[in-house]
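We're numbering straight along the sequence, starting at 1. Both counts, for ligands and for their atoms, begin at 1 and track the order of listing.
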Amino acid sequence: MIEKSNLLDLAFNMPKTELHLHIEGTFEAEQMFEFALRNKISLSYTSIEQLKQAYSFSNLQEFLDLYYQGMSVLITEQDFYELTFAYLTKVHSQNVVHVEIFFDPQGHLERGISFSTQINGIYRALKEAETNWGMSFKLIMSFLRHLSEESAFNTLEQAIPHLEKIYAVGLDSSELGHPPEKFLRVFKACKNLGLKVTVHAGEEGPPKYIWQAVNELKVDRIDHGNRCLEDDELVQRINHEQLTLTVCPLSNKKLCVVNDMSQHPIKEMLHKGLAATVNSDDPAYFGGYMNDNYQVLIEQSELTKDELKQLAKNSFSGAWINPDRRQLFLNQIDTLFA
Ligand code: HPA
Ligand code: ZN
């Protein structure tokens, strides 16, 4: 029987990717207050401690209300750059070698922050991480599903001059009441532009929303996807299509998608052959980055060595990464776990 401390060592040392990360969700309270001060914006919290005390959520919407407030202090290109570079520095130290990052342009456009201000800051940090550490990346533009299809189309139009920096499009924010089919036409337009598609589905929403994502939006990946486990036929379909699920353990706990980490469904997903991966979603709000997510699974969900290895491999199989680079890291994982 392998010791938990050995598994933790493996998890921390193994190369890994992060495939589900909202850059605005990496906004640490300290940095938020720093930016608020220099941009002369007042937050409705008087101290870092008071803000952190608000990090207790009973559902997705309660979190989103705070998340949108937090991002309101992002004003300049330098802000977006510093936010992104701080995240990349952190995960580089956790042996993350490839990242796929969401950003929410509508959350900034509606505050008068231009598309180019946002993307140029984020992209500069990603290129610097590539140069400094050889980290590879993809940038994913995400549409806010509580807004209209028209707003999504307007956003896509603003993205056109920047398409060479954007690899994929996503769909996030309040899931219930905003099914994927609401955005069918905009995702068709994105596919026609050559963009990959990944959609948050089955976090709070029913299996029906995941069916829509697969059948109608023809997604290349599914974000969260937890509730597919309620429908055996859907599980079979996801496996048949070889769709990766970007699962977020600490997020699931914080947003009450799961009651207890000991009951986290990621093991069941693996046992059913689903290509589940581990990700941090909004680490500043949910209590941890990549290694912390692996740690809670090892310490509280009885993750085995084989399961850990599978998760590590899935993180590369499901990534939009250069095939030679993928194989290099898959081989490293085999060696590390031998
Ligand atoms: N779900 C939906 N929308 C989001 C999330 C999430 O976990 N994080 C940031 N926006
Ligand atoms: Zn998310």
Side-chain angles (χ1 to χ4, degrees), residues 17-28 32 54-72 74 83-84 87 91 99-110 118 122 138-147 151-152 155 168-180 182-183 197-206 209-210 212-213 217 219-228 244-258 264-266 276-290 293 315 318:
T17 77
E18 169 134 72
L19 306 180
H20 184 158
L21 181 281
H22 303 265
I23 197 61
E24 297 89 345
T26 67
F27 215 169
E28 292 289 343
M32 197 183 291
Y55 293 3
S56 166
F57 315 107
S58 44
N59 54 44
L60 173 59
Q61 192 59 51
E62 283 186 15
F63 155 68
L64 289 169
D65 292 343
L66 193 67
Y67 171 81
Y68 294 120
Q69 247 193 78
M71 67 171 82
S72 72
L74 289 165
L83 176 72
T84 308
Y87 160 73
V91 293
V99 294
E100 301 188 2
I101 293 184
F102 291 107
F103 74 118
D104 283 335
Q106 286 153 297
H108 313 297
L109 288 170
E110 62 185 11
Q118 306 170 34
I122 297 168
K138 292 286 184 277
L139 189 52
I140 312 171
M141 171 173 81
S142 199
F143 298 113
L144 298 182
R145 68 203 305 160
H146 67 276
L147 299 179
S151 171
T155 309
V169 281
L171 185 66
D172 64 0
S173 189
S174 324
E175 187 179 8
L176 289 169
H178 302 285
K182 177 178 164 186
F183 298 93
V197 171
T198 183
V199 162
H200 283 53
E203 181 184 18
E204 287 187 343
Y209 286 17
I210 308 177
Q212 286 178 13
L217 272 60
V219 291
D220 298 287
R221 206 156 71 196
I222 297 166
D223 297 310
H224 296 295
N226 296 42
R227 291 191 61 188
C228 77
T244 290
L245 304 183
T246 64
V247 180
C248 306
L250 282 170
S251 165
N252 291 159
K253 178 69 174 55
K254 267 295 214 197
L255 300 186
C256 306
V257 169
V258 302
H264 194 280
I266 201 159
T277 59
V278 174
N279 306 274
S280 73
D281 207 3
D282 301 280
Y285 293 95
F286 298 153
Y289 289 76
M290 282 298 289
N293 274 274
S315 90

Exercise. With no hydrogens and no angle check, is any side-chain donor or acceptor of E24 less than 3.5 Å from a backbone partner on D104?
Worked result: yes

Problem set entry | D65 side chain to Q61 side chain, donor-acceptor N/O pair below 3.5 angstrom | yes

Problem set entry | Centroid separation Y285 to F63 less than 6.0 Å | yes

Exercise. With a 3.5 Å cut-off and no angle check, do the side chains of T246 and N279 form a donor-acceptor pair?
Worked result: no

Problem set entry | Within the protein, residues bringing a heavy atom under 4.0 Å of ligand 1, chain by chain | H22, L60, F63, L64, Y67, D172, S173, H200, E203, H224, D281, D282

Problem set entry | Side chains of Y87 and E18, donor plus acceptor under 3.5 Å | yes

For this session: Determine, using ring centers only, whether H146 and H178 are less than 6.0 Å apart.
Result: no

Exercise. Would you call E175-R227 a salt bridge at under 4.0 Å N-O?
Worked result: no

Exercise. Among the protein atoms near the Zn ion (ligand 2), how many are N, O or S and lie under 2.8 Å away?
Worked result: 4

Exercise. Which atoms form the tightest heavy-atom contact between P105 and T155, and what is the distance?
Worked result: CG-CG2, 3.7 Å

For this session: Flag the pair F102 / H200 as yes when their ring centroid distance falls below 6.0 Å, and as no otherwise.
Result: yes

